[in-house]
Amino acid sequence: MMINRRVLAMCVRLRECVSVVERHAARRGLNPERGGSTLEWVIIAAVVFLLAIAVGAKITGVVNEQLDKIG
């Protein structure tokens, strides 16, 4: 459960970073959508990566518990 909270916290932090970039672009008069696609893919990749780590940790924990029961 702790890993899920960390993933959620990371998603919130990434969204805050995106908001800062968008505000900075708006102040400079730039198109806020410029580079948005790349940034979106980076965020998606980060979320998928963190979820993979969470799932891997959960699977490892279950396997270790089962090994302890056997041994």
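Source: prediction; values computed, not measured.
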Subject >> Residues in side-chain contact (heavy atoms from CB on, under 4.5 Å) contact with I70, at least two apart in sequence or another chain >> reply: none
Original post:
When clusters are formed by joining ILVMFWY residues with side-chain heavy atoms under 4.5 Å apart, either directly or through shared neighbours, do L51 and I43 land in the same one?
Top reply: yes
Original post:
What is the distance from atom OG1 of T60 to atom CG of L67, rounded to the nearest 0.5 Å?
Top reply: 10.5 Å
